[in-house]
Amino acid sequence: MGSGMSEEERRDTVQDNLEKDVEKFTNCPDVTVNEAVVMFCSLSSSELLQQHLSDRKQRNFPATDWMKRLAEKLANLSPDPKLAGLGALAITIFIDVISASSSSSETVKEALRCVFAEEKASEVWDHIDECLKRCVVHVDNTEELLGDIRRIEVQLSAAITRLKNSMVRDGHMTSEALKAWVNGAAFHIQVLIHLVRLGGIQRCDPVERLISAYLSDLDLLFNKHKEAVEKKCRKGYTLDESPWSAWPYFETEEGESRSMIPSIGFERYFEAYYEEHYSRQKDEISRYFMTVRDELPRLVSLVGHLSVQ
């Protein structure tokens, strides 16, 4: 009996080598939901808000002046639904501002703002910024806050739709724009959840429909993103003194290049590259949206709390 590999074993070996090869690319953009939205709008929002306050107190000691200001802002408010989820994120940003305990590049707000650095995403960020501000300004007035959030929600929804259309219809697809849309959609979902939490919407149905719509949009946008990325990637050859020594390489849309396995064509290599670095991110985003949907009953009934002593 021969000791050589079967055809199937050879195919499996080539595929394993291909998957290991594309894993080595390191410059692929992150298009997932920002961790500040994931963390501070989660079921653990109060615990994370409390931890954030503790961290800021340790960095900026003594904290007498700004802690007094925080206590005055949140006087007699804990526990309260306005401090949960989106409210927790807003108060986290407020703590960063009044404590002035870190450089601008280290604050939660700056990390979130950078997600929307793409020019066409600036409108989405403006509405998010305004919403977070209003959550603090009217933290002691539910009716005023509900009026502000309702108004901003409509404007934010329209801005997210325009951003999507600019990528799908007008051809302005980039990883930066896709990330901005993903985060705008995630934030929009949290806005509706906060409206339900505060009694501005009586049922979860609108939130569930919005999540379903964004899951559907996610498929469309990633298909367009894949087309755009493929056009920017290329196969080239390294040329030494002899043309017979040319070796193929794959260059990503970010300009990062690695030698290719000669027996594998561009299309197959690109499919493996996109699967490893972007399809996995799409799956992560989908799981996040579905987790939010599964946790809706608990999220909308969440009551926030914060000890400022």
Whether [Y] and [X] form a salt bridge (side-chain N of Lys/Arg under 4.0 Å from carboxylate O of Asp/Glu) is what I want to check.
X: Lys231; Y: Glu227; result: no
X: Asp129; Y: Arg113; result: no
X: Glu275; Y: Lys226; result: no
X: Glu130; Y: Lys133; result: yes

Okay, side chain of [X], backbone of [Y]: is any donor-acceptor separation there less than 3.5 Å?
X: Gln202; Y: Gly199; answer: yes
X: Ser157; Y: Val154; answer: no
X: Asn183; Y: Val115; answer: no
X: Glu256; Y: Thr26; answer: yes
X: Ser216; Y: Ser212; answer: no
X: Glu251; Y: Cys233; answer: no

Would you indicate whether the side-chain heavy atoms of [Y] and [X] approach each other to under 4.5 Å?
X: Ile95; Y: Leu49; answer: yes
X: Glu35; Y: Phe40; answer: no
X: Leu221; Y: Val168; answer: yes
X: Met260; Y: Trp247; answer: no
X: Glu230; Y: Glu271; answer: no
X: Cys135; Y: Leu145; answer: yes
X: Val229; Y: Phe270; answer: yes
X: Cys28; Y: Glu254; answer: no

Any link between [X] and [Y] through a network of hydrophobic side chains (Ile, Leu, Val, Met, Phe, Trp, Tyr) touching at under 4.5 Å?
X: Val191; Y: Ile152; answer: no
X: Leu220; Y: Ile160; answer: yes
X: Leu218; Y: Met290; answer: yes
X: Leu43; Y: Leu86; answer: yes
X: Ile93; Y: Val38; answer: yes

task: Would you please test Ile91 and Leu74 for side chain to side chain contact (heavy atoms under 4.5 Å, CB included) and show each step?
output: CA-CA 9 Å; Ile91 296 300; Leu74 303 181; 3.9 Å; yes
Drop me the distance from [X]'s [atom1] to [Y]'s [atom2], to the nearest 0.5 angstrom.
X: His127; Y: Glu153; atom1: NE2; atom2: CD; result: 11.0 Å
X: Asp30; Y: Tyr278; atom1: CG; atom2: OH; result: 10.0 Å
X: Trp66; Y: Ser99; atom1: CH2; atom2: OG; result: 5.0 Å
X: Ile201; Y: Leu192; atom1: CD1; atom2: CG; result: 5.0 Å
X: Gln190; Y: Ser42; atom1: CD; atom2: OG; result: 8.5 Å
X: Leu18; Y: Glu23; atom1: CG; atom2: CD; result: 10.0 Å

field: Greater than 12 external heavy atoms within 6.0 Å of Glu119's CD
entry: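 Check fails, neighbour count at 12 or below.
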- prompt: Near Tyr237 OH, under 6.0 Å, is it more than 12 heavy atoms from other residues, nucleotides or ligands?
  reply: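 No, OH of Tyr237 has 12 or fewer neighbouring heavy atoms, counting only those of other groups under 6.0 Å.
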message: If you apply the rule ring pair (Phe, Tyr, Trp, His ring centres under 6.0 Å), what do you find for Phe116 with Trp181, and how did you get there?
response: CA-CA 9 Å; Phe116 301 91; Trp181 181 89; over 10 Å; no
query: Please walk me through it: do Asp148 and Arg151 pass salt bridge (Lys or Arg N to Asp or Glu O under 4.0 Å)?
result: CA-CA 5 Å; Asp148 283 342; Arg151 170 180 55 83; 3.4 Å; yes
- prompt: Given Val124 and Phe187, is the side chain to side chain contact (heavy atoms under 4.5 Å, CB included) satisfied, shown in steps?
  reply: CA-CA 10 Å; Val124 175; Phe187 190 90; over 6 Å; no
Considering only residues two or more places apart or on different chains, which pairs with a residue in [range] satisfy salt bridge (Lys or Arg N to Asp or Glu O under 4.0 Å)?
range: residues 282-304; result: Asp219-Lys282
range: residues 75-88; result: Asp80-Lys82
range: residues 299-309; result: none

For a quick test of reading the model, state the closest non-hydrogen atom pair linking [X] to [Y] and the distance between them.
X: Pro81; Y: Arg197; answer: O-CD, 3.4 Å
X: His172; Y: Ala177; answer: O-CB, 4.1 Å
X: Ile211; Y: Phe289; answer: CG2-O, 3.7 Å
X: Val137; Y: Lys73; answer: O-NZ, 4.2 Å
X: Leu83; Y: Leu77; answer: CD1-O, 3.7 Å
X: Val308; Y: Met67; answer: O-CE, 2.8 Å

task: Please test Asp96 against Arg56 for salt bridge (Lys or Arg N to Asp or Glu O under 4.0 Å), starting from the C-alpha separation and ending with a verdict.
output: CA-CA 8 Å; Asp96 281 348; Arg56 288 298 179 259; 2.7 Å; yes
query: Do Arg69 and Glu72 pass the salt bridge (Lys or Arg N to Asp or Glu O under 4.0 Å) test, and can you show the C-alpha distance, the side-chain angles, and the key distance before you say yes or no?
result: CA-CA 5 Å; Arg69 185 176 170 190; Glu72 290 172 351; over 6 Å; no
query: How about Gln51 and Asp55: does a side-chain donor come under 3.5 Å of a side-chain acceptor?
result: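 A donor-acceptor contact under 3.5 Å links the two side chains.
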Any donor-acceptor N or O pair under 3.5 Å, side chains Glu253, Tyr273: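 Yes, side-chain donor-acceptor contact under 3.5 Å.
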- request: Take Ile193 and Val292 through the test side chain to side chain contact (heavy atoms under 4.5 Å, CB included) and record every step on the way to the result.
  value: CA-CA 10 Å; Ile193 289 173; Val292 171; 3.7 Å; yes
Aromatic plane relationship, Phe25 with His277 - under 30° parallel, 30 to 60° tilted, over 60° perpendicular: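 Perpendicular: the ring planes of His277 and Phe25 meet at over 60°.
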Aromatic plane relationship, Phe250 with Tyr269 - under 30° parallel, 30 to 60° tilted, over 60° perpendicular: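 Correct class here is tilted.
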message: Would Arg280 and Tyr274 count as a side chain to side chain donor-acceptor pair (under 3.5 Å) here? Give the steps.
response: CA-CA 9 Å; Arg280 289 178 184 271; Tyr274 196 87; over 6 Å; no
task: In sequence, state the C-alpha distance, the side-chain angles, and the governing distance for Leu53 and Leu306, and then conclude on side chain to side chain contact (heavy atoms under 4.5 Å, CB included).
output: CA-CA 9 Å; Leu53 175 59; Leu306 179 66; 3.9 Å; yes
